[in-house]
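The sequence lines fix the lettering, A, B, ..., with proteins before strands; numbering per chain opens at 1. The figures here come from the full heavy-atom set of this structure, side chains too, leaving out hydrogens, waters and symmetry mates.
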Protein chains: 2
Amino acid sequence: MHKKFMYICFMSNSKLYKGSLTTIILKLLNENDKMYGYEITQKVKALTKGQLKITEGALYPALHKLEAEGLLSVEVKKVDNRLRKYYKITENGEKETTNKLDELAEYIKTMQALVNPKLA
Amino acid sequence: MHKKFMYICFMSNSKLYKGSLTTIILKLLNENDKMYGYEITQKVKALTKGQLKITEGALYPALHKLEAEGLLSVEVKKVDNRLRKYYKITENGEKETTNKLDELAEYIKTMQALVNPKLA
DNA sequence: AATAATACATAAGCATTTTATGCATAAGAA
DNA sequence: TTCTTATGCATAAAATGCTTATGTATTATT
């Protein structure tokens with residue numbers, strides 16, 4: 001398909017999502033047993049009610065990197081004559097998920113201390 | 001001073017802070033009338049109890065950019081024979097602060113929907 | 001006298017993301 | 001039946017934003 005005139009995907013107009021993609025992928029795969037790339041984009045869109053749309057140009061390199069780091073394993077399947085690469089979280093991936101979620105919680109806490117110091 | 005052997009600054013070990021610096025600067029200047037660069041680094045360190053240390057290599061270019069965009073204005077003063085560049089928020093800067101804080105709140109909400117869907 | 005703190009600045013390199021493509025099959029609409 | 005949309009993967013150039021590593025200069029502390 002020609003995408004010349006249909007490219008409208010983005011991570012959101014805000015730059016804050018930079019650095020969050022790995023956390024999102026790991027968390028989804030930590031609780032969903034196995035998922036393929038396209039499925040992840042749809043899941044994220046659904047969970048965020050269209051707020052957040054992951055671009056393929058960001059997603060696929062990120063998945064490859066996580067696999068290379070041993071945090072995900074991959075299994076290729078053919079469904080309806082179409083290729084799917086199913087990703088599964090590894091043991092190390094589970095540990096890293098915990099780390100990433102801790103970092104996210106810490107980030108939120110720190111930012112709230114900065115922008116809303118009365119509540120901190 | 002030689003920094004060859006004393007360079008230990010960072011934005012935190014987490015990559016999540018990427019994209020947050022502008023928000024932090026604007027918010028601080030929105031509530032503090034005027035501040036200079038070094039003061040900002042110290043204030044952030046204090047408010048986050050050492051959690052977050054802004055590097056000069058990130059801060060100064062960010063301040064210059066905000067000034068170029070008309071969100072900050074600058075006034076140079078000499079104190080104790082040392083140069084200080086005081087930054088003040090402009091009217092447009094105040095509007096942008098509101099936008100950035102809204103984006104931060106939205107980001108936090110969206111991420112919580114992703115990593116903790118039960119609470120969303 | 002040497003080191004740490006204060007105060008600015010820039011530039012190379014790195015990681016992540018956007019933007020823009022490319023290929024291919026299946027389903028739905030015109 | 002032909003065009004478009006949806007499904008599914010991929011990569012590469014460019015932009016972005018930060019880290020790392022410097023540089024200069026003054027004042028305070030050890």
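As judged by a 4.0 angstrom heavy-atom cut-off over every strand, A:Ser20 is placed among residues touching the sugar-phosphate backbone only. Across all strands shown, A:Lys65 has heavy atoms under 4.0 Å from sugar-phosphate atoms exclusively, and none from any base.
Remark: P of C:dA7 and CG of B:Leu63 are 14 Å apart, rounded to the nearest angstrom. Remark: P of C:dC8 and CD1 of B:Ile40 are 9 Å apart, rounded to the nearest angstrom. With rounding to whole Å, A:Leu21 atom CG is found 5 Å from C:dT17 atom P. B:Glu75 has its CD atom 14 Å from the P atom of C:dC8, to the nearest Å. Residue B:Lys85 contributes atom NZ, which lies 19 Å from atom P of D:dT24 at whole-angstrom precision. To the nearest angstrom, P of D:dA25 lies 20 Å from CZ of B:Arg84. When the P atom of C:dC8 is taken as reference, atom NZ of B:Lys78 falls 13 Å away, rounded to whole Å. If you measure from atom CG of B:Leu16 to atom P of D:dG17, you get 16 Å, rounded to the nearest angstrom.
Listed nucleotides: D:dA10, C:dT17, C:dC8. Nearest to the side chain of B:Tyr60: C:dC8. Comparing D:dG8, D:dC9, C:dA7 by their nearest atom to the side chain of B:Glu56 picks out C:dA7. For A:Ala58, whose side chain is taken as the heavy atoms from C-beta onward, the closest listed nucleotide among C:dT6, D:dG17, C:dT17 is C:dT17. Closest to the side chain of B:His64, out of C:dT10, D:dC18, D:dT16, is C:dT10.
Within a heavy-atom distance below 4.0 Å of DNA chain C, the residues of residues 29-39 of chain B found are B:Tyr36, B:Gly37, B:Tyr38.
At a threshold of 4.5 Å between non-hydrogen side-chain atoms, the residues B:Leu52 and B:Ile24 count as touching. Between A:Leu28 and A:Val44, the closest side-chain pair of non-hydrogen atoms falls below 4.5 Å. The closest side-chain heavy-atom distance from A:Thr41 to A:Thr55 is not below 4.5 Å. Side chains of A:Ile25 and A:Leu59 form a contact here, defined as non-hydrogen atoms less than 4.5 Å apart. Within the 4.5 Å cutoff, the side chain of A:Ile40 has heavy atoms near those of the A:Leu63 side chain. With a 4.5 Å cut-off on side-chain heavy atoms, B:Tyr86 and B:Met35 do not count as touching. B:Ile89 is not listed as a side-chain neighbour of B:Leu71, based on a closest heavy-atom distance of 4.5 Å or more.
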Strictly under 3.5 Å: I want the nitrogen or oxygen pairs between protein and nucleotides 26-29 of chain C, one per line.
from: C:dA26; atom 1: OP1; to: A:Asn81; atom 2: ND2; distance (Å): 3.3
from: C:dA26; atom 1: O4'; to: A:Arg82; atom 2: NH2; distance (Å): 2.7

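In terms of phosphate contacts, A:Thr55 brings a side-chain nitrogen or oxygen within less than 4.0 Å of OP1 or OP2 of C:dT18.
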Can you give each donor-acceptor pair under 3.5 Å made by side-chain atoms of residues 97-107 of chain B, sequence neighbours left out, with the distance rounded to 0.1 Å?
from: B:Thr97; atom 1: OG1; to: B:Gly93; atom 2: O; distance (Å): 2.7
from: B:Thr98; atom 1: OG1; to: B:Glu94; atom 2: O; distance (Å): 3.3
from: B:Asn99; atom 1: ND2; to: B:Glu96; atom 2: OE1; distance (Å): 3.2
from: B:Tyr107; atom 1: OH; to: A:Ser20; atom 2: OG; distance (Å): 2.8

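When each of A:Lys15 and A:Gln42 is assigned the nucleotide of DNA chain D bearing its nearest heavy atom, the one mapping closer to the 5' terminus is A:Gln42. Each of B:Tyr17 and A:Pro61 lies near DNA chain D, and the nucleotide nearest A:Pro61 is the one positioned closer to the 5' end. Toward the 5′ end of DNA chain C lies the nearest nucleotide of B:Tyr87, the other residue of the pair B:Tyr87 and A:Leu59 mapping further downstream.
Sorted by first and then second residue, the salt bridge (Lys or Arg N to Asp or Glu O under 4.0 Å) pairs with a member in residues 79-88 of chain A read A:Asp33-A:Lys88; sequence neighbours excluded.
A distance-only check finds no donor-acceptor pair linking the side chain of A:Asn30 to the backbone of A:Leu26 [under 3.5 Å].
Scanning for side chain to side chain donor-acceptor pair (under 3.5 Å) contacts around A:Thr110 gives B:Tyr17, with sequence neighbours left out.
Inter-axis angle, ends of the helix from C:dA1-D:dT30 to C:dA30-D:dT1, five pairs per end, rounded to 10 degrees: 10°.
Taking the charged nitrogens against the carboxylate oxygens, B:Lys43 and B:Glu39 have no contact shorter than 4.0 Å, which rules out a salt bridge. For the pair B:Lys27 and B:Glu31, the salt-bridge criterion is met [side-chain N within less than 4.0 Å of a carboxylate O].
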